[in-house]
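First comes the structure, then the notes that go with it.
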Amino acid sequence: MSSPDPARLFETGAAIPTKLEEEGRVTPMMAQYIEIKGANPGCLLFYRMGDFYELFFEDAETASRALGIVLTKRGKHQGRDIPMCGVPIDRADDYLNRLISLGHRVAVCEQTEDPGEARKRGPKEVVRRAVVRLVTPGTLTEERLLDPGRSNLFVAVSRTRSSEEEWIYGLAALDISTGAFVLSQSAQHALSSEIARFEPREIIVCEPLSEDERVRSASEDWRAPLTVLPREGEGRGERRLRDWYGVATLDGFGQFSRSEIAAAGTALAYVERTQIGAKPALDPPTRREAAGLMQIDAATRANLELTRTLAGERAGSLLSALDLTCTPAGSRLLAERLASPSAELEAIVRRLDAVSYFLRDGSLRAEIRKLLRSAPDLARALARLAVGRGGPRDLAALEAGMRAAFDIQKRLAGTAAIPTEVESACRVLAELDREFASILGRALVDEPPLERRAGGFIRPGHVAELDEARTLRDETRRVIAGLQARYCDLAGSKQLKVKHNNFLGYFVEVAAPLGEQLLRAPFDEVFRHRQTMAESMRFSTAELVKLEAEIASASDRALALELGVFEELAGRAVAHGSALKGAADALARLDVACALSETAALDDWTRPQVDNSLAFKVEAGRHPVVEAALKAQGKPFVANDCDLSADGQEGGRIAVMTGPNMAGKSTFLRQNALIAVLAQAGSFVPARCAHVGLVDRLFSRVGAADDLARGRSTFMVEMVETAAILNQASPRSLVILDEIGRGTSTFDGLSIAWASAEHLHDKNRSRTLFATHFHELTQLAGKLPRLLNLTMRVSEWRGDVVFLHEVAAGAADRSYGVQVARLAGLPASVVKRAKELLAQLEAGARGAPIQALLDDLPLFSAGPRLEAKEERLRTALEALELDAMSPRAALEALYDLRSLSRPD
Ligand code: ADP
């Protein structure tokens with residue numbers, strides 16, 4: 001997806017002329033359109049006309065391109081055709097979905113009065129219309145527009161000065177679909193990684209932050225569209241927060257920094273701007289300490305494919321390989337844990353205890369999982385009810401969710417040795433209002449409709465008045481059915497039927513010949529002609545009209561009563577909001593714990609030992625995604641060990657990893673990073689045993705693709721990522737480097753890789769895995785004490801290379817590149833020629849720079865000078881006429897050659 005330019009949701013001079021003198025020449029409807037469009041810049045305007053939302057001008061062109069729908073025209077504006085396209089309202093959600101996923105924002109403009117009312121005002125009056133809501137990627141609530149297993153939030157960003165050169169950024173992440181509202185703050189270098197952690201669908205700033213380089217680049221890194229609101233005055237954010245929650249001071253919510261409060265204010269401004277009058281039930285803001293979480297920047301996050309693959313898919317990500325949750329809320333929480341692994345020992349151990357607990361008791365786990373499956377998405381149902389977009393099914397969801405919560409709590413309450421995490425969830429579930437749950441159970445029918453306007457969702461016997469209205473309505477229907485017999489007698493025919501359609505209401509239908517009779521006296525006193533069809537005629541009667549009016553009024557009354565009950569129940573649900581949300585959260589936590597223990601049981605995962613040490617030791621580790629893919633093809637995965645612990649030293653070891661392409665280096669690197677992520681997310685890990693000393697930051701740089709959209713070459717991207725690591729990694733960090741220096745010339749690349757390895761060893765001292773195709777680096781092991789060499793074992797069989805996928809100590813003897821090229825199908829002649837060249841190169845040039853490097857000679861001059869010297873030597877050698885030389889001349893020539901080979 002490419003993000004459209006930042007959208008300014010305030011007036012900056014609309015694209016469509018709005019000047020009064022021009023309005024004089026447009027139709028009243030166009031004038032209304034132009035006015036509404038002008039007030040909603042940055043959005044496509046869905047303008048309601050009857051059963052369609054119409055789009056005009058540029059909007060029509062954009063939407064017809066994006067949706068593949070026909071572009072037509074309607075009338076003229078300033079002498080030119082007005083482009084138009086429309087979407088039927090009953091399919092509007094589909095179209096909205098597509099526009100939103102492309103990063104557009106849509107202003108939905110409805111008719112706010114009956115067309116009849118407008119006509120009463122005058123023949124030329126247009127129906128009143130107003131924008132009722134802006135639909136944007138980060139502010140969805142409708143079930144049909146949301147991905148159940150993914151949170152749907154936006155992040156608002158603000159900044160304040162912390163020093164002459166530095167800014168502090170405030171972040172507010174808000175998920176309207178669940179009410180979650182989290183604040184945090186970030187130093188400027190970490191902004192992109194802090195934003196990426198929330199995986200926002202949209203980033204919101206107030207002017208002038210649309211010009212902030214870091215915000216723009218975060219939006220590009222994460223491909224979340226940037227939305228800009230007008231500048232706000234100092235202190236506005238705090239006032240907005242206080243007003244929203246109706247409190248005199250924010251102290252009750254905790255301590256927030258100035259930038260966090262400003263960001264929270266921007267977030268609320270955006271809610272107000274998009275929801276227009278509807279007030280979502282938001283949790284009070286809570287602060288998330290970035291310090292308590294493992295820091296993972298956007299590039300690392302993308303490279304490791306934690307919650308989605310590089311192509312943006314969920315399938316193939318770490319999340320999809322281990323997500324066995326039973327509920328969408330559980331799936332969202334698991335995604336959040338993987339996206340933000342903890343860096344707090346206590347929290348990690350608490351989560352691991354819960355997984356162990358459910359792992360020990362398989363039947364308990366199975367029962368809880370079964371109950372969880374019957375629990376609908378409480379948080380999202382509640383959020384829809386709060387903004388007035390809920391329906392009877394959302395109330396039913398609350399009831400079913402509460403019932404599941406009680407059953408789960410009951411099942412868990414009696415168990416022995418219950419761990420803190422599970423116990424605290426139980427406590428929250430027990431606090432739910434049983435009385436409210438049973439009222440809902442009594443009030444609602446078993447399968448209520450989606451829309452409340454459909455009616456029929458309140459159970460008979462719940463409200464006496466409603467029962468009466470329904471009886472009246474149904475009785476009347478029966479009376480009408482009875483009328484048929486009377487009319488048959490009257491007309492003297494059995495061929496008469498009483499029918500109903502939306503256009504005529506109730507009517508009598510007879511075959512044409514009988515109809516002719518009814519048109520005449522005395523029948524015409526009773527039967528009034530309405531319609532003549534090909535073979536039949538239709539009549540109404542005074543009695544039918546009266547009864548129909550009675551049915552309509554009884555139905556209206558019944559519906560009004562049902563809607564009243566709905567409002568009351570929805571109000572009660574919102575009043576119970578915080579208990580319900582607490583329960584939703586507790587159910588999600590239990591779901592995650594059970595799901596992780598299910599994965600551990602099925603895939604033979606083990607509990608990692610996590611502590612404050614700087615150890616990183618994995619025995620028989622596996623890559624969960626690659627393992628699953630291989631398993632599907634019936635192939636085994638080879639487990640591998642990894643030990644980066646430098647016991648007793650302030651830091652970790654660097655493993656330099658060599659081996660041919662396709663041998664499994666990247667897989668090994670990534671699996672160890674994933675094991676760290678899983679362990680700190682509170683999950684068991686795919687290994688025989690694992691010891692992970694808390695990782696504060698995880699870095700990975702993996703052969704990146706050109707980022708041409710941002711005008712960066714592969715090499716530039718690589719260097720930017722490498723710079724970030726060398727500048728920021730600490731002894732507590734885990735660093736995964738898959739190739740450095742590939743995108744430039746050999747000597748350049750080798751020098752950069754070499755210098756980076758030294759820096760990592762001496763300065764960063766991080767636990768590091770460094771895969772490289774520069775074999776020269778393996779020689780560093782003799783020089784740097786905490787550096788070790790690992791290689792992927794291969795064997796050769798009849799000249800072909802066979803990958804064993806086994807990691808062993810030591811350096812690769814050769815790179816096998818030519819063999820791999822043959823496997824890939826390069827023409828035999830090219831492979832043969834490459835082999836010859838390789839033999840020559842290996843005998844010649846390669847040895848010299850290694851020696852030069854080890855001797856710490858200035859790197860940058862070594863290559864070219866040696867090449868020139870070699871050339872001179874070669875020319876001199878070739879010029880010797882050996883057969884014609886005397887022994888003395890030969891000795892002299894040897895002296896000459898030696899002096900040629902000496903350093904200048
Ligand atoms: P490299 O980075 O060395 O080029 P990869 O890590 O991309 O190699 O691995 C290449 C392929 O080898 C993988 O797609 C996978 O199918 C297979 N592979 C890698 N590691 C293992 C392993 N430990 N056991 C079995 N197969 C593996």
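Small disclaimer: the values here were computed from a predicted structure and weren't measured. Counting starts at 1 for both ligands and their atoms, in listed order. Residue numbers count from 1 along this sequence.
- The shortest N/O to N/O separation between V638 and ligand 1 falls below 3.5 Å.
- Ion pair R351/E421 not flagged as a salt bridge, since none of the NZ, NE, NH1 or NH2 atoms sits closer than 4.0 Å to an Asp/Glu carboxylate oxygen.
- Between P636 and ligand 1, no N or O atom pair is found at a separation short of 3.5 Å.
- Within the 4.0 Å heavy-atom criterion, the part of P660 lying near ligand 1 is the backbone and not the side chain.
- Within a 4.0 Å radius of atom 23 (N) of ligand 1, the protein has at least one heavy atom.
- Salt-bridge check for R369 with E598: passed, with a basic side-chain N closer than 4.0 Å to an acidic carboxylate O.
- A salt bridge is defined here as a Lys NZ or Arg NE, NH1 or NH2 lying under 4.0 Å from an Asp or Glu carboxylate O, and R314 with D323 meets this definition.
- From the protein, the heavy atom lying nearest to atom 17 (C) of ligand 1 is H805 CE1, 3.4 Å.
- For a threshold of 3.5 Å applied to N or O pairs, the pair formed by S666 and ligand 1 contains at least one separation below that value.
- Atoms of ligand 1 found under 4.0 Å from any heavy atom of L630 (numbered from 1 in listed order, with element): 16 (O), 25 (C), 26 (N).
- Atom 3 (O) of ligand 1 has as its closest protein heavy atom K665 N, 2.8 Å.
- Pairing each heavy atom of I740 with each of M719, the nearest pair is CG2-CE, 4.1 Å.
- With respect to R607 and D353, a salt bridge is recorded, a charged nitrogen being found less than 4.0 Å from a carboxylate O.
- Atom 13 (C) of ligand 1 has T667 OG1, 4.2 Å as its closest protein atom, hydrogens excluded (heavy atom only).
- Residues E194 and Q295 form a side-chain contact, since some pair of their non-hydrogen atoms from C-beta on lies under 4.5 Å apart.
- The nearest protein atom to atom 10 (C) of ligand 1, hydrogens excluded, is given as M662 O, 3.7 Å; this is a heavy-atom distance.
- Looking at N661 next to ligand 1, no N or O pair under 3.5 Å apart turns up.
- Residues satisfying the salt bridge (charged side-chain N to carboxylate O under 4.0 Å, His left out) test with R786, not counting sequence neighbours, are none.
- For atom 15 (C) of ligand 1, the closest non-hydrogen atom of the protein is V626 CG1, 4.0 Å.
- For ligand 1, the atoms closer than 4.0 angstrom to any heavy atom of G664 are 1 (P), 3 (O), 5 (P), 6 (O), 8 (O), 9 (O), 19 (C), 20 (N).
- Partners of R670 according to the salt bridge (charged side-chain N to carboxylate O under 4.0 Å, His left out) rule, which considers only residues two or more places apart in sequence or in another chain, do not exist here.
- At a threshold of 4.5 Å between non-hydrogen side-chain atoms, the residues L614 and R767 count as touching.
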